[in-house]
Amino acid sequence: MMLEVKTLAQVNQIISDHFGHLRASGENVPLEAALGRRLYQDLLSKEFVPNFNRSTVDGFALISADAFGSSESIPAILTVVGKSAMGEHSQLTLRRGECASVPTGGELPAGADAMVMLEHAEDYGDGTIGVIKPVAPGANLIFKGDDLKPGQVIYQQGKKIDVADVGTLAALGFTQVTVYRAPVIGLISTGDELVKPGEPISTGQIRDVNEPLLQAALEKCGAGAHAFGICKDDKPVIRERMLTALKTCDGLIVTGGTSVGIQDALPELVSELGTLLVHGVAAKPGKPTLVGAIDEKPVFGLPGNPAAAFFMFQVLVKPLLETMMGGSTGEVRLVLPIARAVPSNHGREDLLPVKIKAGQAHPVIGKSGLITTLANTDGYIRIPRDKEGLQKNEHVEVNLF
Ligand SMILES: Nc1nc2c(c(=O)[nH]1)N[C@H]1C(S)=C(S)[C@@H](COP(=O)(O)OP(=O)(O)OC[C@H]3O[C@@H](n4cnc5c(N)ncnc54)[C@H](O)[C@@H]3O)O[C@H]1N2
Ligand code: MOO
């Protein structure tokens, strides 16, 4: 069987055409568990913020018209009729010629429309003060609802909750929020040579890297992982395991067995159980990757090589998961000069891990089977298939892992 190779852009399009409509359902989570989750719906303010007219300075509340034209030589004399205490609702109502002492954060009494700072008032010690500088209406205060009014959109649907947002939501009285449920992706590692990490290993065997690697990658992008363990290269066994996983999971990633060798049962299995949409991508690493649909759920067959599986996860699986969770790809890109020339002229898009050091992207070149290639890297660059490599100091976009 020959691979019918498609470009990464074509594969992304096929994935989007088939699965782009899938959305996870919503669930309520306590604010403490909301970090990194995406909002299921627009979040609206329930109240006025602030919920009272609040002073931003220590000083006196007054009616600004009373201090019009005041100066050091002709202060405006006002009678102090009371004070506002922090955290208490002011019962005062000012009339012309009156003022009240208000601390920073205290409530402005009714009737007042501005604050004059302590520095611009002289206390005569007889219950009156002299204002030595005029104030504009609204000076030194935040009006009720200046920040937010009830019904106003605070965050839009799909917004990813970051650290500062948790603070904002706490300030607004939210103790729980509705977020997209994390789609759960099943993981199956196939290969007769695989051993669970922690178990004794003989010559010819290798530890299963892909399960923990992809589990971490799924968690990092906010999705859930359900590991179904290692499967021998045995078609009926893999078939059973896939069907079991698809009963409870929203999608499936199977690694290994994607190539065209006698052991590589996955393409046939996907065709039998559903539809094989893609088998072969013009990317290095990642060539034998496959994408299929079983019961309308996305199924990815990623190459056994951990680095290839990881890169294909980044460029194909992650964008779909982001869409399912109501967002767009949150990939953070940095534009940096490349530290040395990189050859690339094999007709496949190159995905190259890089280490960022001293403002430069240092390419880390290794065979796709070597997981240590990825150790200590910060992200990856993409070299288009029609580009003949990169010249030293050429600017590249680094996608952070
Ligand atoms: N005749 C051809 N042979 C190969 C082609 C091809 O186009 N024609 N493509 C090569 C490329 S590129 C890759 S990538 C591999 C992918 O093969 P499979 O997806 O079938 O993967 P395996 O053969 O099962 O494994 C490849 C390699 O990775 C190791 N591996 C597998 N699973 C794991 C795991 N869970 N943890 C750690 N390492 C794993 C496995 O031992 C092999 O060394 O096919 C080429 N061949
Ligand atoms: O493309 Mo394979 O994925 O070279 O390792």
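Reckoned from all heavy atoms, side chains included, excluding hydrogens, waters and symmetry mates. When a ligand or atom number is given, it counts from 1 through the structure's own listing order.
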Between ligand 1 and [X], is the shortest N or O to N or O distance under 3.5 Å?
{"X": "Ile206", "value": "no"}
{"X": "Asn305", "value": "yes"}
{"X": "Pro288", "value": "no"}

Closer than 4.0 angstrom: is that true for some heavy atom of [X] and an atom of ligand 1?
{"X": "Gly191", "result": "no"}
{"X": "Lys284", "result": "no"}
{"X": "Gly257", "result": "yes"}

Between Lys133 and Glu119, does any side-chain N to carboxylate O distance fall below 4.0 Å?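 Salt bridge between Lys133 and Glu119, a charged N being under 4.0 Å from a carboxylate O: no.
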What part of [X], side chain, backbone, both or neither, has a heavy atom within less than 4.0 angstrom of ligand 1?
{"X": "Glu211", "answer": "neither"}
{"X": "Pro303", "answer": "both"}
{"X": "Ile230", "answer": "neither"}

Could you list the atoms of ligand 1 found under 4.0 angstrom from a heavy atom of [X]?
{"X": "Arg207", "answer": "36 (N), 37 (C)"}
{"X": "Pro306", "answer": "37 (C), 38 (N)"}
{"X": "Asp208", "answer": "34 (C), 35 (N), 36 (N)"}

Without swapping roles, check the side chain of [X] against the backbone of [Y] for a donor-acceptor pair under 3.5 Å.
{"X": "Ser64", "Y": "Ala136", "result": "no"}
{"X": "Asp233", "Y": "Gly257", "result": "no"}
{"X": "Asn53", "Y": "Lys144", "result": "yes"}

Assess, by modelled atom type and distance only, whether the side chains of Asp58 and Thr104 contain a donor and an acceptor separated by less than 3.5 Å.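 Distance-only check passes for Asp58 and Thr104.
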Tell me if the CZ atom of Phe68 is crowded by more than 12 foreign heavy atoms within 6.0 Å.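 Counting other residues, nucleotides and ligands, CZ of Phe68 stays at 12 neighbours or fewer.
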For Gln176, does the CD atom have more than 12 heavy-atom neighbours from other residues, nucleotides or ligands under 6.0 Å away?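 Correct, the count exceeds 12.
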Looking only at heavy atoms, which two atoms of Asp123 and Ile129 are closest? And how far apart?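 Looking at all heavy atoms of both residues, the closest pair is CA-CG2, 4.1 Å.
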Between Lys287, Glu193, Gln205, flag the one that comes closest to atom 41 (O) of ligand 1 by a heavy atom.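 Ranked by closest heavy atom to atom 41 (O) of ligand 1, first place is Glu193.
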Proximal candidate to atom 36 (N) of ligand 1 [heavy atom criterion; set Val209, Asp192, Asp233]: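 The option holding the nearest heavy atom is Val209.
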Assess Lys284 against Phe311: is NZ or CZ under 6.0 Å from the centre of the six-membered ring, and within 45 degrees of the ring's axis?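 Judged by the rule, Lys284 and Phe311 form no cation-pi pair.
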